[in-house]
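One structure is given here, and the rest of the page talks about it.
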Protein chains: 2
Amino acid sequence: MITLDERTRKILHAVVENYINFPDPVGSRTVAKGYPFGLSPATIRNIMADLEEMGFLLQPHTSAGRVPTDMGYRFYVESIVTESSFLHKEPFRELYKRLETLKDNIDILFSETTRTISKLSHYLGIAMSPKPDVTTLNKIELLKYKADKIAAILFTDEGLIKNKIISIGAEVTQKDLNRIAGYLNSEFSGHTFDEIRQKVIKEMSKEKIMCDRLISKALKICQEAFYFLYGDLFISGLSEVLELPDFTDLNKIKELSRAIEDKHTIITLLDKLSECNGVQIIIGSENSMDEMKKLSVVVSTYKEGDRPIGVVGIIGPTRMNYSKAIYIVDNTAKFITKMLAER
Amino acid sequence: MITLDERTRKILHAVVENYINFPDPVGSRTVAKGYPFGLSPATIRNIMADLEEMGFLLQPHTSAGRVPTDMGYRFYVESIVTESSFLHKEPFRELYKRLETLKDNIDILFSETTRTISKLSHYLGIAMSPKPDVTTLNKIELLKYKADKIAAILFTDEGLIKNKIISIGAEVTQKDLNRIAGYLNSEFSGHTFDEIRQKVIKEMSKEKIMCDRLISKALKICQEAFYFLYGDLFISGLSEVLELPDFTDLNKIKELSRAIEDKHTIITLLDKLSECNGVQIIIGSENSMDEMKKLSVVVSTYKEGDRPIGVVGIIGPTRMNYSKAIYIVDNTAKFITKMLAER
DNA sequence: TTTTAGCACTCTCAGTGTTCAAGTGCTAAT
DNA sequence: ATTAGCACTTGAACACTGAGAGTGCTAAAA
């Protein structure tokens with residue numbers, strides 16, 4: 001990391017903050033007037049030229065002011081994190097209160113959380129419910145549904161309930177189902193979904209086990225039940241974002257809407273982020289996916305105990321109020337963590 | 001309904017169809033050339049002027065061609081329905097095939113259905129899963145979840161499974177829960193969710209019943225379980241729609257995105273439509289909601305037996321290929337009906 | 001009586017030139 | 001090392017223009 005002398009750093013800050021607040025390229029005059037450096041525009045011009053040379057700023061065209069590059073934002077973000085200069089008020093307790101009433105229904109909880117985030121931030125709110133690789137089975141119940149169909153109800157430690165209809169060739173009695181469920185519970189409860197999938201495959205390869213009709217049936221059911229379960233992605237706030245001056249260009253809007261609809265891509269992105277602790281920020285071109293290269297992502301993980309199990313966050317333009325975004329995301333993640341613990 | 005003589009009608013058709021295919025106001029020359037009426041532009045001009053006077057067409061400005069009004073579209077739509085002139089091929093069997101694999105998971109089925117619709121039509125695909133007032137309870141199961149919490153699993157005749165966590169004050173045994181579930185099943189199965197809600201309220205007012213501890217508890221659980229259940233709304237295809245020339249204006253896009261995010265409003269709209277049979281079309285200003293006054297909606301109901309239980313459809317610009325939209329929506333609704341029956 | 005050719009008229013759109021303000025980099029003075 | 005001054009560059013805003021498309025009206029033709 002390049003280090004900058006105090007004065008240069010402060011001017012970079014000034015440019016970034018000004019640009020975050022007013023979406024026009026910022027010129028030397030603006031900085032000189034708006035920030036009490038006691039420096040003339042000319043001096044500031046020189047420094048800004050240096051910053052441009054180093055890659056922190058960029059001129060859209062010769063006679064325009066300067067705009068931060070992704071690298072400029074990155075530098076800015078690093079310093080506000082270490083300075084932890086974001087001393088926001090908490091005007092949104094009451095919004096959280098509403099969410100508290102939803103804690104028994106995880107899906108609605110998450111979808112409302114994204115709405116809350118987007119209301120607060122004016123960017124896109126995103127959330128991902130716990131994924132299979134961290135979701136631990138608490139209990140599985142099997143209920144007879146139709147002649148040759150059963151319903152598997154999966155309860156997880158994280159409070160998720162998933163259900164799945166499974167077609168089985170022959171008829172089974174509820175009594176058999178209970179025995180099967182008992183076996184599955186004794187075998188698999190406490191393990192993550194991913195582990196269970198692997199275990200099932202391993203077990204099924206053992207011949208002597210497969211001879212036991214009931215156990216073999218149990219494993220088959222189990223395999224079906226855990227197939228095709230994944231973390232759900234919630235996104236909202238498009239109309240908020242369209243009010244921003246950053247999205248007046250039709251092409252940018254198209255790009256954004258494609259990014260939103262391509263949930264799979266975003267899930268992949270969040271997957272990577274869901275393993276780390278605390279707030280994480282990805283700025284523009286740091287994103288590996290093309291559609292996201294002009295967007296920034298601020299996320300944090302919510303946890304069960306010490307283990308991060310999912311992600312909430314914000315997607316917005318690179319010209320984002322990072323400090324506010326960090327604050328909102330951080331608080332929301334902590335709030336979700338608390339809610340899941342209280343449940 | 002005003003009747004038009006054959007020739008006038010045909011010219012209106014020509015204008016509408018031309019405009020649907022090419023998003024520019026259509027002039028008399030275009031009609032004369034493109035459609036074999038054996039009439040000169042001048043004559044057609046006169047007729048178009050008549051059509052404008054009657055309110056079927058509209059000139060954006062003096063020297064432009066003409067564009068259909070909502071009334072013009074309405075007339076057009078009525079006649080293609082009676083003529084049933086939409087003889088499309090069926091190039092999308094294979095798309096439906098994919099959906100067939102999903103029939104055991106209603107939520108994914110519907111969300112994929114909307115994606116399919118939007119892919120086929122290039123408009124927004126919408127779908128609403130069965131609503132409480134038509135959803136009939138097949139079976140309720142109660143499972144102990146935590147010390148003071150239980151999970152209610154509701155199976156419906158339509159193939160929906162809903163689950164809900166319910167906090168109860170005291171502890172209950174699974175045995176008690178089974179007895180309660182038995183009681184609830186004997187009492188309520190076969191009834192719609194709405195009926196059950198009403199019945200519960202009625203029962204609870206009877207004093208002697210409330211004296212029975214178990215029954216009273218059962219009713220309370222039941223009330224909780226059926227509270228806050230509604231038809232889910234699925235929408236997709238925004239990025240498809242943004243490719244249309246109808247949505248190049250930022251304000252229109254904003255309006256559209258607001259309409260999409262305001263799911264509640266759309267649910268209200270679909271609610272009304274879900275009671276009728278067959279394809280229904282609402283054109284622009286015929287919509288009662290402001291955000292939708294520049295959009296058209298084409299929907300059809302899917303059924304269980306003869307009873308319509310939900311809606312699938314298309315939202316697009318008023319300049320919509322209605323014939324294609326009708327075809328897609330009609331087929332998709334029938335397809336869903338079939339899938340639900342086979343389940 | 002109905003249809004059509006002809007024509008003047010209207011309006012939008014794309015392209016052009018001009019001006020204006022903002023902001024720069026450089027140089028010379030402080 | 002800083003700053004004032006100045007020439008220079010550029011995009012945005014605006015008015016202007018001509019071309020093109022389409023109209024309505026009138027008078028002639030069918």
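All chains are named by letter (A, B, ...) in the order of the sequence lines, taking the proteins before the strands, and each is independently numbered beginning at 1.
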Using atom CZ of B:Arg45 as one end and atom P of C:dC7 as the other, report the distance to the nearest whole Å. 13 Å
Ignoring hydrogens and geometry beyond distance, is the side chain of A:Arg29 in donor-acceptor contact with the base of C:dG23 at under 3.5 Å? no
Is any side-chain N of the basic residue among A:Glu243 and B:Lys254 closer than 4.0 Å to the acidic one's carboxylate O? yes
Any A:Arg7 side-chain N or O less than 4.0 Å from OP1/OP2 of D:dT2: yes
Under the criterion salt bridge (Lys or Arg N to Asp or Glu O under 4.0 Å), I'd like the reasoning laid out for A:Glu6 against A:Arg9: C-alpha separation, chi angles, the key distance, then a yes or no. CA-CA 5 Å; A:Glu6 184 67 8; A:Arg9 213 178 56 76; 3.7 Å; yes
If I take atom CD1 in residue B:Ile47 and atom P in nucleotide C:dT2, what distance separates them, rounded to the nearest angstrom? 12 Å
Does a donor on one side chain sit under 3.5 Å from an acceptor on the other, for A:Thr116 and A:Thr113? no
Atom CG of B:Asn18 to atom C1' of D:dG22: distance rounded to whole Å? 14 Å
Ignoring backbone atoms, test whether A:Ser63 places a side-chain nitrogen or oxygen under 4.0 Å from the OP1 or OP2 oxygen of D:dT9. no
When we call it a touch if two heavy atoms are under 4.0 Å apart, what does B:Thr43 touch: a base, just sugar-phosphate, or nothing? base
Nearest whole angstrom, please: distance from the P of D:dT23 to the CD of B:Glu53. 15 Å
Rounded to the Å, how far apart are B:Asp5 CG and C:dT3 P? 10 Å
Any idea which of C:dT4, C:dG25, D:dT23 is nearest the A:Gln59 side chain? C:dG25
Using only side-chain N and O atoms of B:Thr62, determine if any of them is under 4.0 Å from OP1 or OP2 of C:dC11. yes
Are A:Arg66 and C:dT24 close enough that a side-chain N or O sits under 4.0 Å from OP1 or OP2? yes
Gap between atoms OH and P, on B:Tyr19 and D:dG22 respectively (whole Å): 14 Å
Do the side-chain N and O atoms of B:Ser239 and A:Glu261 include a donor-acceptor pair separated by under 3.5 angstrom? yes
For the side chain of B:Ala49, starting at C-beta, report the closest nucleotide among D:dA4, D:dG24, C:dT4. D:dG24
Does B:Ser28 put a side-chain nitrogen or oxygen below 4.0 Å from OP1 or OP2 of D:dT23? yes
Distance check needed: C:dC11 C1' versus B:Asp24 CG, whole Å only. 15 Å
Taking for each residue the nucleotide of DNA chain C bearing the nearest heavy atom, is the 5' side occupied by B:Gly38 or by B:His61? B:Gly38
When you compare the side chains of B:Ser40 and B:Thr43, does any donor N or O come within less than 3.5 Å of an acceptor on the partner? yes
To the nearest Å, how far apart are B:Asn46 CG and D:dT26 P? 12 Å
